[in-house]
Amino acid sequence: MKALIIIAVCIASSASLHSQTWISKTIGGNWGFTVSPVKQFVIDPYRNSMWFVLGGKASVIESDGSYRIFEKVELESVFTGENLFFAFTPNHIYYKVDLVGLKTFDNYSPLDVYADTDLNNLLTDNDSVFYIESNTNKIFKISDFNTTENTLISCASAFRRKHGITYMGSGSIFYSNGPGNPGTYLYNDPEYLFCAMSDFEFSRNTDTLYIAQLLGISYAYKENVLGNFTPSNTTNMPSPDVRLLEFDMNDNLWAGFADANGDLFALAMLDGTNWTNIYDATNSPIDFSEFRGFQFDTLNNIWVAEMHKLHTIENQNSPQWLSTLELDQFTFNMYPNPSEGIIHISLPENVSASAIEILDFSGKLVAELPFQTEIEIEQAGIYFIRIVTESGVLGIQKVVVR
């Protein structure tokens with residue numbers, strides 16, 4: 001029987017110059033009955049809250065550590081497998097729902113903005129919201145809750161926009177300078193790395209665009225490619241194959257690197273022309289086979305999301321709630337808690353369990369019984385209730401018996 005672990009703290013132990021203390025937390029059961037970041041993991045830069053999106057559900061960790069799950073009914077979506085996607089402005093939280101349209105989610109209350117069953121992708125530029133209409137491949141701008149206007153020529157499915165500068169990407173990057181203009185493919189510039197691309201992002205503090213590519217990173221301003229970063233002009237680059245790009249709050253460039261098989265295996269930061277803060281399986285708890293994204297919060301903490309884990313490096317800017325929050329407590333309902341000894345258990349819809357395991361505060365198994373919706377613990381104390389399905393452990397919750 002595996003020992004109970006609510007918080008896994010991993011001490012980096014390698015020859016790396018950046019020995020760090022990582023903290024890891026569970027964010028979902030073994031089969032994702034809570035909201036794991038399959039579709040999106042993103043941090044709201046205006047409210048410093050973390051969002052996890054799975055199909056038609058979402059969850060959020062607020063800046064104070066409070067944690068909430070929103071089911072499809074609360075999000076006014078229609079089907080369980082719908083693709084939600086969130087974006088943020090200083091004044092609003094937005095999300096789009098496949099087959100429904102665009103909504104705001106201010107104060108966690110959905111409000112219709114624009115109904116469009118073909119709405120695809122979503123981003124913000126200052127206070128404006130932009131999306132792609134799937135059947136026309138045109139970008140539309142929502143300038144207020146009642147007006148939309150076509151702002152650009154037809155485009156690929158992925159795009160980025162900042163301060164009116166718009167790029168589109170589908171195998172290569174295209175700079176668009178407005179309706180009726182032909183625009184420019186960046187691969188015509190000799191500084192552009194002529195190879196496949198995986199990601200592209202603006203830096204935080206400038207309008208320079210960076211492109212993750214098979215042979216390195218190209219960077220550009222409007223139609224001009226300014227240069228590139230490759231193993232030949234930087235040092236300690238983990239791999240030429242760059243798959244992800246992010247910028248921390250100091251506008252340092254971070255990248256996710258793939259190995260010769262195309263599998264992500266490392267994160268690193270570019271310091272001038274030297275790659276530093278290299279994190280891989282040798283000096284971090286990150287399981288790259290389960291990797292779902294990484295982000296930086298407004299205090300410059302790095303957060304790495306896996307399918308069922310959330311990792312961060314402990315430092316003086318780490319949030320106070322980090323040492324206490326148990327993110328896996330929402331996989332099933334258990335009440336009352338505290339209890340006088342009788343405990344009621346209910347499972348998520350369409351979930352069946354085979355057994356209940358009761359562990360004491362040290363993690364020792366004290367009882368195992370077939371699943372039932374009501375159990376009794378006679379002796380007072382602090383216990384952990386573990387629900388087991390045929391597929392594995394559904395979740396663990398703490399209960400106080402008085």
Side-chain angles (χ1 to χ4, degrees), residues 5-14 16-28 35-37 40-53 59-68 86-90 93 124 201-206 210 236 238 244-257 266-272 274-288 291-306 308-329:
I5 299 177
I6 295 298
I7 300 176
V9 180
C10 303
I11 307 297
S13 57
S14 74
S16 170
L17 296 177
H18 302 280
S19 180
Q20 304 279 1
T21 299
W22 287 82
I23 295 180
S24 305
K25 287 186 174 291
T26 301
I27 56 173
V35 183
S36 300
Q40 188 185 25
F41 165 59
V42 63
I43 294 179
D44 181 343
Y46 305 103
R47 300 158 191 87
N48 205 31
S49 53
M50 288 183 280
W51 290 83
F52 309 85
V53 179
S59 63
V60 61
I61 304 175
E62 295 283 11
S63 59
D64 63 359
S66 57
Y67 182 67
R68 293 188 59 174
F86 283 77
F88 312 95
T89 67
I93 298 171
T124 58
E201 300 290 345
F202 284 101
S203 73
R204 286 185 184 267
N205 299 333
T206 74
Y210 291 75
N236 299 319
L244 295 169
L245 298 175
E246 291 291 342
F247 289 86
D248 64 23
M249 297 306 294
N250 296 323
D251 215 21
N252 295 309
L253 171 63
W254 289 71
F257 297 88
L267 304 177
M269 184 191 83
L270 184 61
D271 183 3
N274 183 43
W275 291 95
T276 67
N277 297 72
I278 300 173
Y279 299 119
D280 55 25
T282 68
N283 63 355
S284 78
I286 303 170
D287 180 356
F288 283 95
F291 183 88
R292 293 297 184 271
F294 74 109
Q295 295 270 298
F296 290 88
D297 66 20
T298 59
L299 298 177
N300 214 31
N301 295 300
I302 187 172
W303 298 88
V304 181
E306 294 177 11
H308 299 302
K309 290 287 185 181
L310 183 64
H311 309 287
T312 188
I313 297 175
E314 187 178 31
N315 62 76
Q316 62 182 3
N317 292 325
S318 297
Q320 294 182 349
W321 55 259
L322 194 60
S323 61
T324 58
L325 184 65
E326 298 173 9
L327 301 181
D328 58 351
Q329 62 182 305

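No hydrogens, no waters, no symmetry mates; every other heavy atom, side chains included, goes into these values.
The shortest side-chain heavy-atom distance between Leu322 and Lys25 falls under the 4.5 Å cut-off. Taking 4.5 Å as the limit, some side-chain heavy atom of Ile93 sits within range of a side-chain heavy atom of Arg47. Using a 4.5 Å heavy-atom cutoff, the side chains of Leu270 and Asn252 are not in contact. Looking at Glu201 and Tyr210, their side chains never come closer than 4.5 Å, going by heavy atoms from C-beta outward. The shortest distance between side-chain heavy atoms of Asp287 and Lys309 does not fall below 4.5 Å.
Asp297 pairs by the salt bridge (Lys or Arg N to Asp or Glu O under 4.0 Å) definition with nothing, not counting sequence neighbours. Every residue two or more places apart in sequence or in another chain was checked for a side chain to side chain donor-acceptor pair (under 3.5 Å) with Ser318, and none qualifies.
The aromatic rings of Trp22 and His311 stand perpendicular to each other, their planes meeting at an angle above 60°, with 30° marking the opposite boundary. Ring geometry, Trp275 versus Phe257: the interplanar angle exceeds 60°, so the pair is classed perpendicular (tilted spans 30 to 60°).
Heavy atoms only, all atoms of each residue included: Ala266 and Asp280 are closest at CB-CB, 4.1 Å. In terms of heavy-atom proximity, Phe296 sits nearest to Glu246 at CE1-CB, 4.4 Å. Closest heavy-atom contact between Asp248 and Met269: OD2-SD, 4.1 Å.
Taking OG1 of Thr124 as the reference point, atom OH of Tyr46 lies at 5.5 Å (rounded to 0.5 Å). Note that CD of Gln40 is 10.0 Å distant from CH2 of Trp51, once rounded to the nearest 0.5 Å. Note that CZ of Phe41 is 9.0 Å distant from CZ of Phe291, once rounded to the nearest 0.5 Å. Residue Ile313 holds its CD1 atom at 9.0 Å from OG1 of Thr21, rounded to the nearest 0.5 Å. Atom-to-atom distance recorded for Trp321:CH2 and Ile61:CD1 is 4.5 Å, nearest 0.5 angstrom. Rounding to the nearest 0.5 Å gives a distance of 14.0 Å between CZ of Phe294 and CG of Leu310.
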Verdict with supporting geometry, Leu267 and Phe288, side chain to side chain contact (heavy atoms under 4.5 Å, CB included): CA-CA 10 Å; Leu267 304 177; Phe288 283 95; 4.1 Å; yes
Verdict with supporting geometry, Leu253 and Leu245, side chain to side chain contact (heavy atoms under 4.5 Å, CB included): CA-CA 7 Å; Leu253 171 63; Leu245 298 175; 3.9 Å; yes
Steps toward side chain to side chain contact (heavy atoms under 4.5 Å, CB included) verdict (Asp44, Phe86): CA-CA 9 Å; Asp44 181 343; Phe86 283 77; over 6 Å; no
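In this structure, the side chain of Ser49 does not engage the main chain of Ser63 through any donor-acceptor pair within 3.5 Å. Proximity of a side-chain donor or acceptor of Asn283 to a complementary backbone N or O of Ile278 within less than 3.5 Å is detected. Checked by atom type and distance alone, the side chain of Arg204 never pairs as donor or acceptor with a backbone atom of Asn250 at under 3.5 Å.
A side-chain donor-acceptor contact under 3.5 Å links Asn274 and Asn236. For the 3.5 Å distance criterion, the side chains of Asn315 and Asn301 qualify, holding a donor opposite an acceptor.
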